[in-house]
Asks: 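What follows is a single structure, and I will ask about it in a moment.
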Number of protein chains: 2
Amino acid sequence: MPMLLPFFALLAAAQAAPAPAPKPTAAQLAAAAPASAWGLIDAQDLLLIDFADGHRSVIWLASAFAPAHVANIRTIARSGWWNDATVYRVQDNYVTQWGDATEKKAPAAGIDRRPPAEYEWAWDAHGVAVANPYRDAYASRTGFTPNGWAVAGDGTRQWLPHCYGMVGVARDLAPDTGTGGDLYTVIGHAPRHLDRNIALVGRVIDGMGALSALPRGTGGGLGLYEDPKQRVPIKRIAIVADLPAAERPAFEYLRPNAPVFAATLEARANRGGPFFTVPAGATDLCNVMVPVRAVAR
Amino acid sequence: MPMLLPFFALLAAAQAAPAPAPKPTAAQLAAAAPASAWGLIDAQDLLLIDFADGHRSVIWLASAFAPAHVANIRTIARSGWWNDATVYRVQDNYVTQWGDATEKKAPAAGIDRRPPAEYEWAWDAHGVAVANPYRDAYASRTGFTPNGWAVAGDGTRQWLPHCYGMVGVARDLAPDTGTGGDLYTVIGHAPRHLDRNIALVGRVIDGMGALSALPRGTGGGLGLYEDPKQRVPIKRIAIVADLPAAERPAFEYLRPNAPVFAATLEARANRGGPFFTVPAGATDLCNVMVPVRAVAR
């Protein structure tokens with residue numbers, strides 16, 4: 001069973017004895033970094049989706065970039081508005097979407113029904129800890145903010161990219177920006193043409209399989225589940241900070257300010273070891289999302 | 001239920017009356033193209049995977065680019081070697097892999113056990129019908145061959161890109177290139193760092209959901225199914241040309257030589273209509289794979 005991946009290959013090479021030490025991978029560099037290289041994610045910025053079948057997905061909310069939408073999302077979660085929510089759309093190589101499939105519910109009380117278009121901001125509004133040295137198909141500049149997000153832009157404006165696992169706010173025609181009651185995540189090749197056209201509000205950092213491995217829908221050319229029975233029931237959507245302390249999962253991100261961060265980019269662009277014979281010499285922004293790990297709290 | 005996609009939006013805009021005609025989408029341009037813009041895919045180049053549960057995936061084999069591996073694949077299919085094959089690995093945002101999970105089977109009779117490294121070739125070996133005008137993160141030049149494949153390269157060498165749905169040959173350490181007995185397809189953001197390191201032999205053109213929507217595995221950090229009972233049984237893998245005529249599915253590709261083709265690229269880079277407010281002005285190669293459609297035969 002050929003494994004296609006360097007993991008076993010490195011293992012085999014290591015066991016084969018007096019070979020030079022293989023070049024460390026990005027994952028190995030991150031794992032060896034000091035504790036100070038990792039930052040704890042605020043429990044106010046962690047959104048849980050607990051599915052009726054027991055699966056759980058965890059979303060890191062981009063509260064610094066889309067504060068009005070994230071405020072709505074916290075309000076919606078706390079109101080119980082999502083208690084009968086479902087996944088109602090799964091379009092292959094595009095998005096999984098959840099919320100109110102009926103389109104009949106009144107919006108949750110207390111939300112901003114017309115949040116501003118939180119699609120872009122000044123290039124240095126959140127700082128850029130590390131410039132990405134590699135070319136991007138969609139933006140003239142890319143990089144990573146000190147608070148742990150990959151960003152794209154042009155040196156004047158900056159925005160979040162629609163990478164795999166990023167979470168956005170479904171909307172109707174502009175100037176509607178969506179309330180946050182219906183959300184989607186990217187489950188295929190990054191549809192970066194959506195950048196700056198929709199509010200991105202987070203990133204799935206755990207349990208992505210619960211959203212990506214769902215049966216594809218067949219309705220409307222949009223992956224809608226045509227039979228309501230296909231919809232995937234959600235038991236609860238909650239902000240982690242609202243849970244009893246003992247029930248709160250915790251996650252850390254690798255700080256882009258940490259010296260190791262730039263080394264992980266290089267390690268992904270030029271992979272070593274006996275598996276890769278031609279290094280790419282480059283890496284797409286969506287292939288170098290900021291490393292995240294679960295931690296005991 | 002905000003739909004997030006321009007389809008309903010265009011419909012709504014059209015119904016709202018005296019608006020200017022919306023800019024046609026790439027799909028609309030392709031659908032309006034004359035029959036001569038479409039080329040029939042050779043039934044020798046179509047590989048079916050029929051799953052035990054009734055799902056079917058169809059792979060277009062890249063026989064012009066990887067002839068030795070594709071010859072092996074045809075031989076393996078005809079030998080019945082895959083009659084007890086399973087999907088044994090599904091790694092989120094990476095690959096689904098199938099073949100011989102036991103690692104114990106002798107190779108199929110009559111195959112080349114050490115096929116050459118069909119990883120790259122001269123830039124103009126297959127012609128380039130259309131240069132892709134947009135920037136690529138991994139290659140200095142990209143384009144489309146007259147026989148219907150997206151290609152990357154540098155003007156001297158050319159290779160196939162690891163886009164969503166592309167099919168490659170699992171292998172152990174180089175110089176092993178794999179026989180074709182174990183194959184994988186990309187189910188996430190394009191892992192283009194695999195380009196030129198593995199033989200790509202095809203593209204899933206129908207039934208991708210049967211491969212992408214499978215439960216993710218948990219073994220070895222590689223998405224392996226740890227319990228053999230999780231493996232997804234395959235009933236048959238066959239070359240379409242070997243089926244009775246009445247049972248042969250047929251597919252066409254939009255010829256990159258057809259004048260409409262370049263227009264579809266532009267339409268994807270600068271999407272019109274009332275949904276998109278900021279056109280990307282660019283498109284990643286993996287977001288403009290050559291259009292394919294099923295046809296009656």
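Within every chain, numbering begins at 1; the chains are lettered A, B, ... in the order of the sequence lines, protein sequences first and strands thereafter. Since the model is a prediction, treat every value here as computed from it, not as a measurement.
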Asks: Identify which part of B:A117 has an atom lying under 4.5 Å from any heavy atom of chain A, answering side chain, backbone, both or neither.
Replies: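 Contact with chain A involves no heavy atom of B:A117 at all.
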
Asks: Could you go through the side-chain hydrogen bond (donor to acceptor under 3.5 Å, both in side chains) check for B:H193 and A:N287 one step at a time?
Replies: CA-CA 10 Å; B:H193 49 276; A:N287 281 331; 4.6 Å; no

Asks: Can you tell me which of B:S212, B:A190, B:G188 forms the most heavy-atom pairs within a distance under 4.5 Å of chain A?
Replies: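 So the answer, after comparing B:S212, B:A190, B:G188, is B:S212.
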
Asks: How long is the straight-line distance from CE of A:M289 back to NE2 of B:H189, given to the nearest 0.5 Å?
Replies: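 Between B:H189 NE2 and A:M289 CE, I get 9.5 Å after rounding to 0.5 Å.
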
Asks: Less than 4.5 Å apart, any side-chain heavy atom of B:F276 and any of A:I198?
Replies: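 Side-chain contact under 4.5 Å: no.
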
Asks: Where the side chain of B:R171 meets the backbone of A:F275, is there a donor-acceptor pair that is under 3.5 Å apart?
Replies: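 Such a contact is found between B:R171 side chain and A:F275 backbone.
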
Asks: Main chain of A:A139, side chain of B:R135: is a donor-acceptor contact present, judged purely on distance under 3.5 Å?
Replies: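 Indeed, once roles are kept as given, a pair shorter than 3.5 Å links the two residues.
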
Asks: Starting at OH of B:Y94, measure out to OH of A:Y164 and round the result to the nearest 0.5 Å.
Replies: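 Nearest 0.5 Å value for the OH-OH distance: 13.5 Å.
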
Asks: What part of B:Y138 gets closer than 4.5 Å to chain A, counting heavy atoms only: side chain, backbone, both or neither?
Replies: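 When you check distances to chain A, atoms from both the backbone and side chain of B:Y138 fall under 4.5 Å.
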
Asks: Would you name the heavy atoms of B:A213 and A:P215 that are closest together and state the gap between them?
Replies: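 The pair with the smallest heavy-atom distance is CB-CA, 4.1 Å.
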
Asks: Report which part of B:N93 has an atom under 4.5 Å of a heavy atom belonging to chain A: side chain, backbone, both, or neither.
Replies: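 Interface part for B:N93: both.
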
Asks: May I ask you to name which of B:A280, B:A269, B:C286 has the most heavy-atom pairs under 4.5 Å with chain A?
Replies: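 Option with the greatest count: B:C286.
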
Asks: Counting only heavy atoms closer than 4.5 Å, note whether B:P191 contacts chain A via side chain, backbone, both or neither.
Replies: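 B:P191 touches chain A through backbone heavy atoms alone.
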
Asks: Given a strict heavy-atom distance threshold of 4.5 Å, which part of A:P279 is in contact with chain B: side chain, backbone, both, or neither?
Replies: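 When you check distances to chain B, only backbone atoms of A:P279 fall under 4.5 Å.
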
Asks: With a 4.5 Å cut-off on heavy-atom pairs, point out which of B:L214, B:N270, B:D92, B:I187 contacts chain A the most.
Replies: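 Among B:L214, B:N270, B:D92, B:I187, the one with the most close pairs to chain A is B:D92.
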
Asks: Can you see which heavy atom on B:A137 is nearest to which on A:A282, and at what distance?
Replies: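 Nearest heavy atoms, B:A137 then A:A282: O-CB, 3.3 Å.
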
Asks: Heavy atoms only, distances under 4.5 angstrom: which of B:D284, B:T277, B:L285 has the most pairs with chain A? Name it, please.
Replies: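 With the most close heavy-atom pairs to chain A, the winner is B:D284.
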
